[in-house]
Amino acid sequence: MRYVDPEFAPTVRAHARPSKVSPAPVGGLGLLALQSAVGNRAMTSLLTTLQPQVQRQWSSSSSDEDRGQDGGQDGGQDADRDIHDAGAIAGVDTQPDDAGADTGPGEEQAAAPSCQIDVRATKIRGLAGLPVYHLFVIYIDASGSPYFFRGGPSGRGGPGGYGAIKCDHGPYTPGTIDWEPGAPSTTVMAGPAAHGKDASFTRELSRIDAAAIPYQPTGPNSNSVARTILNKSGVPENKPVMIAPGWGQIL
């Protein structure tokens, strides 16, 4: 026998009949909770609104038996819509608080682009083969394109000196000043967390350029630039080699 809410009995008792299909649960607040929300007087108005829909649902119970489970689900969805429509008439929200919320662990969410940041090293020439290195930073964007971020002297050294630190950045391609595909390298950040760090690197290079910091072979120098842009951008500060003068200085 179908369950009949006591408040509903006067309008639907004449239509009650045994059924093999269990009634689908009514979504939203349900009739009893809806009555509590709007009061008995407003509930009478709601029942008057609902009566034609309820009668249609009960009069189609025999066809629901033929449809089986699918019919029961359809009837439950119809009842959900009826309750929602009636609640709207009374000015009551009949949807649960989390209706439409993305709470399921299997729900798909837009993934942030995956990027990568490397620190790479090239050996400084003219030091009798000593393992002393120049460092620079490579940012690989979501499409796989690499970009370099580096510093160096603005002068050639000698009597004229090295001048101020000069920073540069751009696509890392053959012919780039630090181009060396087999250079020692370490990945310091990868995945969504690395996305957008190139913008921070660019800002830091501009700041260092504007400061006109005198370049010194032992630091501050190119290695100080590499360390600084990592530090100021919240990226782990690691290097792929041991000897890199100036690495310990933050500009």
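- Atom CG of Asn223 and atom OG1 of Thr228 lie 10.5 Å apart (nearest 0.5 Å).
- With rounding to the nearest 0.5 Å, the separation of CD in Gln216 from CG in Asn221 is 9.0 Å.
- Between the side chain of Thr176 and the backbone N or O of Thr173 there is at least one donor-acceptor pair closer than 3.5 Å.
- Note: Ser222 OG to Ile124 CD1 = 6.5 Å, rounded to the nearest 0.5 Å.
- Applying the side-chain hydrogen bond (donor to acceptor under 3.5 Å, both in side chains) test to Arg207 and every residue at least two apart in sequence or in another chain returns Glu204.
- Not one N or O on the side chain of Asn231 forms a donor-acceptor pair closer than 3.5 Å with the backbone of Glu237.
- Annotation: the span from Gln249 atom CD to Thr218 atom OG1 amounts to 7.0 Å, rounded to 0.5 Å.
- Side-chain contact check for His134 versus Arg150: some heavy-atom pair is nearer than 4.5 Å.
- Cys115 and Ala142 make their closest contact through SG-N, 3.6 Å (heavy atoms, listed as atom of the first residue, atom of the second, distance).
- Note that CZ of Phe136 and CG of Asp178 are 4.5 Å apart. Values are rounded to the nearest 0.5 Å.
- For the atom pair Asp198 CG and Arg203 CZ, the distance stands at 9.5 Å (nearest 0.5 Å).
- Minimum heavy-atom separation, Thr122 to Ala183: CG2-CB, 4.4 Å.
- Counting side-chain heavy-atom gaps under 4.5 Å among Ile, Leu, Val, Met, Phe, Trp and Tyr, the cluster of Leu251 also holds Ile117, Val119, Tyr133, Leu135, Val137, Tyr139, Tyr147, Phe149, Tyr162, Ile165, Val188, Met189, Phe201, Leu205, Ile208, Ile213, Tyr215, Val225, Ile229, Leu230, Val235, Val241, Trp247.
- For the pair Asp141 (side chain) and Ser143 (backbone), a donor-acceptor distance under 3.5 Å is present.
- The hydrophobic cluster containing Trp179 also contains Phe148, counting ILVMFWY residues as joined when their side-chain heavy atoms lie under 4.5 angstrom apart, directly or transitively.
- Here the closest non-hydrogen pair linking Gly246 and Ser224 is O-OG, 2.7 Å.
- Scanning all heavy atoms of the two residues, the minimum distance from Gly191 to Ser114 falls at CA-OG, 3.4 Å.
- The two atoms that bring Glu180 and Tyr172 nearest to each other are N-OH, 3.0 Å, heavy atoms only.
- For the pair Lys197 (side chain) and Ser200 (backbone), a donor-acceptor distance under 3.5 Å is absent.
- Closest approach of Pro184 to Pro240, counting heavy atoms only: O-CG, 3.7 Å.
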